[in-house]
Amino acid sequence: MRSVVITGASTGIGWASAKLLLDRGFRVFGSVRRQADADRLRAEFGANFTPLIFDVTDEAAVLAAAREVRAELDGETLAGLVNNAGIAVAGPVLELAAGEFRRQMEVNFIGPIIATQAFGPLLGSDPALKGPKGRIVMISSVAGKNGNPMTSAYSASKHAIEGLSESLRRELMLFGIDVIIVAPGAVKTPIWSKAEEVDISAYKNSPYFPALEKIRAFMLQLGANGLPPEQIAEKVFEALTRPNPKVRYVIAPDPMQQFMAAVLPKRTLDRIIAKRLGLMPRG
Ligand code: NDP
């Protein structure tokens with residue numbers, strides 16, 4: 001039985017990917033941050049699921065989990081690492097605290113690097129392990145190629161993932177380990193309700209407050225109409241198992257919108273977005 005590690009398996013895309021891979025005969029090691037989630041997932045997923053408890057920013061904890069997985073693999077390679085754990089930090093660049101940008105980059109960008117360094121050897125860069133080489137799936141976003149107002153930190157973290165993945169894919173050719181990006185548009189997961197819980201009252205006196213309110217309402221609607229996470233899980237499965245996978249899979253609820261975003265001149269898009277959010281210059 002081949003094994004896969006998924007970071008951030010407690011809910012959303014990570015949970016759905018764990019479920020689908022288990023249903024298709026994989027053994028899954030899924031990371032959570034709380035013991036209660038570990039217990040819940042064990043009950044939900046059964047014997048072929050093993051919870052790993054770590055925060056992706058805690059290098060020592062991730063390395064300890066990798067030792068645990070190595071022992072369980074019993075000399076075999078890991079079939080895949082899905083770098084999925086992530087958060088979405090929002091706020092205007094002129095006002096969002098530098099610490100919030102750091103937190104965003106720590107989780108969404110440094111986290112996948114820590115996990116890749118910890119689990120990479122198990123994918124087959126360690127010659128002591130036997131079996132086919134594994135693959136890395138990076139969960140980026142359509143925001144890995146574009147940027148909307150108020151979500152610069154998130155967008156920057158996903159652009160960073162795209163650059164990292166492109167370089168890494170070429171570096172890991174040395175070992176026959178592939179790196180594949182899965183870039184979803186809106187997906188219906190708890191990430192959106194977490195955004196709803198953020199207190200934006202700190203921006204009450206900001207010139208951006210009306211736009212923040214508008215974009216928050218727009219985001220919540222986007223999330224509610226997002227793709228089911230099971231569809232992203234299918235792409236993750238494809239990326240892990242297809243003989244000749246693409247380097248990047250985009251999967252979005254509204255492909256036409258993605259197409260327009262790709263072909264319309266940036267200045268035209270700027271005006272459309274600014275008008276919608278009330279960001280046109282005053283007077
Ligand atoms: P969820 O909020 O449902 O899942 C996020 C997962 O990441 C949770 O398991 C969460 O664990 C975990 N996580 C968060 N911070 C950390 C951390 N510091 N260390 C370890 N684990 C952590 O959201 P999604 O399923 O939507 O998000 C999964 C990925 O998909 C993210 O990378 C996101 O950017 C990306 N994505 C999502 C889209 C969407 O519309 N939903 C669109 C495009 C990309 P815990 O429960 O402990 O917080």
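This chain uses plain numbering: 1 for the first residue, then up along the sequence. Remember, it's 1-based here, ligands and their atoms both numbered in the order they're listed.
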Is the closest heavy-atom distance from [X] to ligand 1 below 4.0 Å?
{"X": "Ala88", "answer": "no"}
{"X": "Lys158", "answer": "yes"}
{"X": "Ser31", "answer": "no"}
{"X": "Val32", "answer": "no"}
{"X": "Val107", "answer": "yes"}
{"X": "Glu106", "answer": "no"}

Show the atoms of ligand 1 that are less than 4.0 angstrom away from any heavy atom in [X].
{"X": "Ile87", "result": "14 (C), 15 (N)"}
{"X": "Ile139", "result": "29 (C), 30 (O), 35 (C)"}
{"X": "Gly12", "result": "3 (O), 25 (O)"}
{"X": "Ile13", "result": "25 (O), 30 (O), 37 (C)"}
{"X": "Pro190", "result": "3 (O)"}

Pairs of nitrogen or oxygen atoms closer than 3.5 Å, one from [X] and one from ligand 1: do any exist?
{"X": "Arg34", "answer": "yes"}
{"X": "Trp192", "answer": "yes"}
{"X": "Val187", "answer": "yes"}
{"X": "Asp37", "answer": "no"}

Open item on the list: Closer than 3.5 angstrom, by distance alone: can the side chain of Thr57 be matched with the main-chain N or O of Glu106 as a donor-acceptor pair?
Closed with: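 Side chain of Thr57 to backbone of Glu106, a donor-acceptor pair under 3.5 Å: no, none is there.
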
What is the closest protein heavy atom to [atom], and at what distance does it sit?
{"atom": "atom 21 (N) of ligand 1", "value": "Ala85 CB, 3.5 Å"}
{"atom": "atom 24 (P) of ligand 1", "value": "Thr189 OG1, 3.3 Å"}
{"atom": "atom 43 (C) of ligand 1", "value": "Pro184 O, 3.3 Å"}
{"atom": "atom 33 (C) of ligand 1", "value": "Tyr154 OH, 3.5 Å"}
{"atom": "atom 27 (O) of ligand 1", "value": "Ile191 CD1, 3.9 Å"}
{"atom": "atom 19 (N) of ligand 1", "value": "Val56 N, 2.9 Å"}
{"atom": "atom 46 (O) of ligand 1", "value": "Ser10 OG, 2.7 Å"}
{"atom": "atom 28 (C) of ligand 1", "value": "Asn84 OD1, 3.1 Å"}

What distance separates [X] [atom1] from [Y] [atom2], expressed to the nearest 0.5 Å?
{"X": "Ser141", "Y": "Ile161", "atom1": "OG", "atom2": "CD1", "answer": "11.0 Å"}
{"X": "Asp39", "Y": "Arg34", "atom1": "CG", "atom2": "CZ", "answer": "12.0 Å"}
{"X": "Ile13", "Y": "Lys235", "atom1": "CD1", "atom2": "NZ", "answer": "13.5 Å"}

Task: Aromatic plane relationship, Phe26 with Phe237 - under 30° parallel, 30 to 60° tilted, over 60° perpendicular - done: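 Taking Phe26 first and then Phe237, their aromatic rings stand perpendicular (interplane angle over 60°).
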
Is the contact between [X] and ligand 1 made by the side chain, the backbone, both, or neither, using heavy atoms and a 4.0 Å cut-off?
{"X": "Thr11", "result": "both"}
{"X": "Ser140", "result": "backbone"}
{"X": "Trp15", "result": "neither"}
{"X": "Lys194", "result": "side chain"}
{"X": "Ala9", "result": "backbone"}

Side-chain ion pair, [X] and [Y], N-O less than 4.0 Å:
{"X": "Glu238", "Y": "Arg242", "value": "yes"}
{"X": "Glu230", "Y": "Lys188", "value": "no"}
{"X": "Asp126", "Y": "Arg70", "value": "yes"}
{"X": "Lys19", "Y": "Asp23", "value": "yes"}
{"X": "Arg103", "Y": "Glu100", "value": "yes"}

Open item on the list: With clusters defined by side-chain heavy atoms of hydrophobic residues (ILVMFWY) lying less than 4.5 Å apart, directly or transitively, does Leu81 cluster with Val56?
Closed with: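 Per the 4.5 Å side-chain linkage, Val56 and Leu81 are co-clustered.
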
Open item on the list: For Ser31 versus Gly8, what's the shortest heavy-atom pair and its separation?
Closed with: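 Heavy atoms only, the tightest pair is OG-N, 2.9 Å.
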
Regarding [X] and [Y], do their side chains bring together a donor and an acceptor under 3.5 Å, going by distance alone?
{"X": "Asn83", "Y": "Thr116", "value": "yes"}
{"X": "Ser157", "Y": "Asn108", "value": "yes"}
{"X": "Glu162", "Y": "Ser140", "value": "yes"}
{"X": "Arg2", "Y": "Thr77", "value": "yes"}

- [ ] Measure from atom 14 (C) of ligand 1 to every heavy atom in Gly8, Gly86, Ala186 and give the option owning the shortest one.
- [x]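 Checking each option, the heavy atom nearest atom 14 (C) of ligand 1 is found in Gly86.
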
TODO: Could you note down all residue pairs passing salt bridge (charged side-chain N to carboxylate O under 4.0 Å, His left out) where residues 78-99 supplies at least one of them, sequence neighbours left out?
DONE: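 Of all non-adjacent pairs touching residues 78-99, none passes salt bridge (charged side-chain N to carboxylate O under 4.0 Å, His left out).
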
